[in-house]
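Please read these numbers as outputs of a predicted model, since none were measured by experiment.
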Amino acid sequence: MATEIDMPSPHRGEGQGEGQGVKEYRWRMPANWWTRTRHYFLYVAREFTAVPMALWLIWLLYEIKLAGNGPAGYYPPRSAAFVAFSAVVLLFALYHSYTFLKLAGVIIRVKVLDRSIPPRVIVMAMFGAWAAGSVVVGFVLIWFAR
Amino acid sequence: MSTTAVRRPALSHLFFWFLFSNGGVITALLLPVHVLVQGILGPLGIVKVVDQHYDTWIRVLANPLVKLYLLVLIMFAFFHFAHRIRYLLMDFGVHAAKTVPAQVAFYGGAAVVTLITVWILLTTVPIGI
């Protein structure tokens, strides 16, 4: 009969007087681990980009919903506070784009005629797609405002 | 007694990784230009932008392709955000973020945002006016 294996913790007894008791040693990272090196800080900043981007998209949903109020109930965003908020979100969004698209060279493996496409080419293609996508979306947002 | 470990494909992990990675790419390619144009250039009056006037905003929102585009953008983005924030919490030592209830809360939250998006897109401006 097949049963699942109960694997011992890899940290059990590590430096804690092995064999002296049944207490399991649990390593806990100090709360400020991410402030210790620049690399860790940038990693957390990259992961955190999700929060401001989510807030901005929730605002976009709200703006779409506002359109249902009719012309009298619709007020477009023009405040300095909103521009400042968007400027901060833009920094995070650009950082997300840069890091995520750069990562594509590591993750995506494409073979053409039995030869792997170099990661550098894949990253360049992703950045090209970013430029093209930005031009198309920017064009639609501006052209249809006439 | 045999001690063979039971190997099962992690299908849910595969599914959420698919949403995470595609959401990451979609937000990376498309979100900065929205924030720049709709969040900065439009409000400052540097360029005319569709959402700065009711008439142009409603005309664009009535287009079914625009509705589909906004749904894909927001849905994938929120599944990406849910995955990232859950794993960030784990990195900060919040072990509860690994549990099934946390997964239900995060991915369920993304699903709720998706449903709200569908509802807003279908009820705010009728298709094709």
Side-chain angles (χ1 to χ4, degrees), chain A residues 1-5 28-29 31 33-34 43-44 47-51 53-54 56-61 63-68 70-71 74 76-79 82-83 85-87 89-90 93-94 96-101 103-104 107 126 129-130 133-135 137-138 140-142 144-146, chain B residues 1-6 21 24-25 27-45 47-61 63 66 69-70 73-74 77-78 80-85 87-88 91-93 113 116-117 120-121 123-125:
Chain A
M1 191 177 80
T3 56
E4 290 189 22
I5 304 167
R28 283 191 183 278
M29 290 285 275
W33 63 265
W34 57 284
Y43 163 74
V44 168
E47 301 300 293
F48 180 76
T49 56
V51 176
M53 291 197 295
W56 200 89
L57 278 178
I58 288 170
W59 168 80
L60 180 65
L61 265 179
E63 201 196 26
I64 296 168
K65 183 83 186 79
L66 267 187
Y74 182 73
R78 284 179 189 152
S79 69
F82 176 69
V83 174
F85 164 64
S86 296
V89 173
L90 181 62
L94 289 172
H96 164 74
S97 299
Y98 174 74
T99 51
F100 208 86
L101 298 179
L103 210 62
I107 296 169
M126 295 304 281
W130 182 19
S134 300
V135 168
V137 172
V140 169
L141 289 172
I142 294 168
F144 289 98
R146 293 176 309 138
Chain B
M1 188 174 74
S2 160
T3 55
T4 314
V6 179
S21 55
V25 171
T27 44
L29 296 180
L30 303 170
L31 193 60
V33 68
H34 277 282
V35 180
L36 175 67
V37 175
Q38 288 180 275
I40 298 172
L41 301 181
L44 288 177
V47 287
K48 284 186 175 178
V49 179
V50 283
D51 63 346
Q52 287 294 314
H53 294 282
Y54 174 78
D55 294 343
T56 51
W57 188 220
I58 211 146
R59 198 175 66 204
V60 165
L61 288 177
N63 190 310
V66 172
Y69 164 79
L70 288 169
L73 172 67
I74 293 171
F78 272 88
H80 174 82
F81 300 155
H83 199 79
R84 271 220 149 145
I85 295 166
Y87 275 82
L88 182 63
D91 289 337
F92 277 121
V113 172
I116 290 172
T117 306
I120 288 176
L121 289 171
T123 58
T124 303
V125 183

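The backbone N or O of B/D51 lies less than 3.5 Å from a partner atom in the side chain of A/Y74, making a donor-acceptor pair. No side-chain donor-acceptor contact under 3.5 Å links B/Q38 to the backbone of B/P43. Judged by distance alone, with hydrogens and angles left aside, the side-chain atoms of B/T56 form no donor-acceptor pair with the main-chain N or O of A/A145 at under 3.5 Å.
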Go through it in stages, so that I can follow the logic: the residues are B/V113 and A/I58, the test is side-chain contact (heavy atoms from CB on, under 4.5 Å), and I'd like the CA-CA distance, side-chain angles, deciding distance and then a yes or no. CA-CA 9 Å; B/V113 172; A/I58 288 170; 5.8 Å; no
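With a 4.5 Å cut-off on non-hydrogen atoms, B/F78 touches chain A through its side chain but not through its backbone. In this structure, chain A has no heavy atom under 4.5 Å from any part of B/H83. Contact of B/V49 with chain A is made through backbone and side chain together, with heavy-atom distances under 4.5 Å. Using a 4.5 Å cut-off between heavy atoms, A/F100 touches chain B through its side chain atoms alone. Of the atoms belonging to B/L41, not a single heavy atom falls under 4.5 Å from chain A. Only the side chain of A/L101 comes within less than 4.5 Å of a heavy atom in chain B; its backbone stays farther off. Proximity to chain A (any heavy atom under 4.5 Å) is restricted, for B/L88, to the side chain, taken from C-beta onward. With a 4.5 Å cut-off on non-hydrogen atoms, B/Y87 does not touch chain A at all. Neither the backbone nor the side chain of A/Y98 comes within contact range of chain B; no heavy atom of the residue lies under 4.5 Å from a heavy atom of that chain. With a 4.5 Å cut-off on non-hydrogen atoms, A/V140 touches chain B through its backbone but not through its side chain. Heavy atoms closer than 4.5 Å to chain B are found in both the backbone and the side chain of A/F82. Both the backbone and the side chain of B/V25 come within contact range of chain A, with heavy atoms under 4.5 Å apart. Neither the backbone nor the side chain of A/T99 comes within less than 4.5 Å of any heavy atom of chain B. Of the atoms belonging to B/T27, heavy atoms from both backbone and side chain fall under 4.5 Å from chain A.
The candidate with the highest count of non-hydrogen atom pairs below 4.5 Å against chain B, out of A/M53, A/R146, A/H96, is A/H96. Heavy-atom pairs under 4.5 Å with chain B peak, among A/L57, A/V44, A/I64, at A/I64. Between chain B and the options A/A93, A/G138, A/G133, A/P71, the largest number of non-hydrogen pairs under 4.5 Å is found for A/P71. Of the listed residues (B/L31, B/I74, B/L73, B/D91), the greatest number of heavy-atom pairs within a distance under 4.5 Å of chain A belongs to B/D91. Note on A/A104, A/S97, A/G68, A/A129: by heavy-atom pairs under 4.5 Å with chain B, the leading option is A/S97. Among the candidates A/L60, A/V83, A/V89, A/L66, the residue making the largest number of heavy-atom pairs closer than 4.5 Å to chain B is A/V83. Between chain A and the options B/V66, B/I40, B/V37, B/I116, the largest number of non-hydrogen pairs under 4.5 Å is found for B/I40. For the set B/G93, B/G39, B/A77, the entry with the most heavy-atom pairs within less than 4.5 Å of chain A is B/G39.
Contact of the B/L61 side chain with the B/L70 side chain is registered, since non-hydrogen atoms from C-beta on lie closer than 4.5 Å. In this structure, A/S86 and A/W59 have side chains that are not in contact, with every pair of non-hydrogen atoms separated by 4.5 Å or more.
Here B/I85 contributes atom CD1 and A/F48 contributes atom CZ; the two are 8.5 Å apart, rounded to the nearest 0.5 Å. Rounding to the nearest 0.5 Å places CG of B/L44 at 11.5 Å from CZ of A/R78. To the nearest 0.5 Å, atoms OG1 (A/T49) and NE2 (B/H80) are separated by 6.0 Å.
Here the closest heavy-atom approach between residue B/D55 and residue B/I58 is recorded as O-CG2, 3.4 Å. Of all heavy-atom pairs between A/W130 and B/L29, the closest is CD1-O, 3.3 Å. In terms of heavy atoms, A/W56 sits closest to B/H34 at CH2-O, 3.5 Å.
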